Amino acid sequence: MLSTGAAAVCSLLLVGCFTHLTQADGLGQYAGQCLVGEPPLYDPEQAGNVPTFIVNLDEAPETRWNHIVVKYVTQIQAALDTVKKMVGVVENGILYDVLVHFMTGAVDSIQEPYRTELYAIANATGISVGEFTLMNLFYEVSKGCTSIVAQDANGVLYHARNQDFGTFFIWDTVAHQWEQTETLRNLLINVNFIQNGRPLFFGVTFAGHLGVLTGLRQHAFTLSTNARFGSTLPTLIPWLLEGGNARHFLMYTDRDVMQNAKNFQEAKDYLSTVPLFGSAYFILGGTQPGEGVIITRGPNSTDHVASMNASDPNGWYVLQTNYDWDKDPLFLDDRRTPGNMCMQALTQANVDHSGLYQV
Ligand SMILES: *[C@@H]1O[C@H](CO)[C@@H](O)[C@H](O)[C@H]1NC(C)=O
Ligand SMILES: *[C@@H]1O[C@H](CO)[C@@H](O)[C@H](O)[C@H]1NC(C)=O
Ligand SMILES: *[C@@H]1O[C@H](CO)[C@@H](O)[C@H](O)[C@H]1NC(C)=O
């Protein structure tokens, strides 16, 4: 399940912006609110409104995405325009051109098949390869926000996450935040990835984004990735200047693990060791009771692993926002405390699609 939340802060690059804020009395619209016990909001029909496409991995990277992106040219352009506008607010529009210029230079350092796929979707749509690369790496540094793996009383696992991108360079211009979330909502798609004529894995992404934001490999595992504040730039800038592909972008990592790991343990091992550009939280669910884990990653290291724990009264779920296990969340962005309180209000007995959607 996936829902698009509002009013959450989950970008890596906007740390500097917080200095413009003053602490208000209370948090107003940003305060936590638990809807457990309120009328149910989950509507399976609405989930069916997100279109589903097939990407055939046996088909050449030159063509495998084209049938999707050609349907979304207008919407992709609108999403890029919002980014341009948001960047423009800070840097008079120059930053956008600089970013696209860098991305155009960097695309040849992106590993296959993603490089060819980027050129191909640029060809198919007439949108520049630099802009597509920016769009793909933009999500690299702004993946949020809250992910939960929870186990019901029968040991059945559920994996829930929300997504909010309205906060890349600025967050306090509510109109822009809303505008960007809306433009992205129009790009939301489900993709069935097929290999050897069979479904291999299923992912949720945005048209034009070649990775998976949330994925499921049947009878194996589920995965979502949350942004972690920290060190993307020290590895990203040398890459932009010099190229090289020893490290993995999250967008590749998610798709690669979906494609290659056959079970929960293989996925966990891979996600704990793959060298990354940035920091991230991988939220991984399995098929067996107790298979729920949060892997806190730095570029070279696994800094922390939190697992479901049958001996702990709250060990029937794991929950991750965009803050480390041992650090207090930013005062205006504490989604963890309300998230945990709301999970505990829900109780394990009420874990299902509807219950988690209320959380
Ligand atoms: C993109 O189009 C150019 C010119 O038509 C062509 O040479 C190139 O092979 C295409 N690239 C991809 C990846 O489709
Ligand atoms: C990661 O490893 C590289 C090369 O081994 C090193 O230069 C870099 O400082 C390390 N980064 C961190 C955050 O430890
Ligand atoms: C599981 O929970 C129990 C009770 O809170 C605790 O003592 C134990 O250390 C936990 N185990 C792990 C691996 O965290």
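Small disclaimer: the values here were computed from a predicted structure and weren't measured. Read the numbers this way: they start at 1 and go in the same order the structure lists the ligands and their atoms.
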Side chains of [X] and [Y]: do they bring a donor and an acceptor to under 3.5 Å?
{"X": "H159", "Y": "S224", "answer": "yes"}
{"X": "Q348", "Y": "W316", "answer": "no"}
{"X": "R161", "Y": "N226", "answer": "yes"}
{"X": "Y357", "Y": "D352", "answer": "no"}
{"X": "T116", "Y": "E112", "answer": "yes"}

Compile the donor-acceptor pairs under 3.5 Å between side chains in residues 51-58 and protein atoms, sequence neighbours left out, one pair per line.
| residue | atom | partner | partner atom | Å |
| --- | --- | --- | --- | --- |
| T52 | OG1 | N190 | ND2 | 3.4 |
| N56 | OD1 | D58 | N | 2.9 |
| D58 | OD1 | N196 | N | 3.4 |
| D58 | OD2 | N196 | N | 2.7 |

Hey, which residues fall under 4.0 Å of ligand 3 on heavy atoms? N309, S311, D312
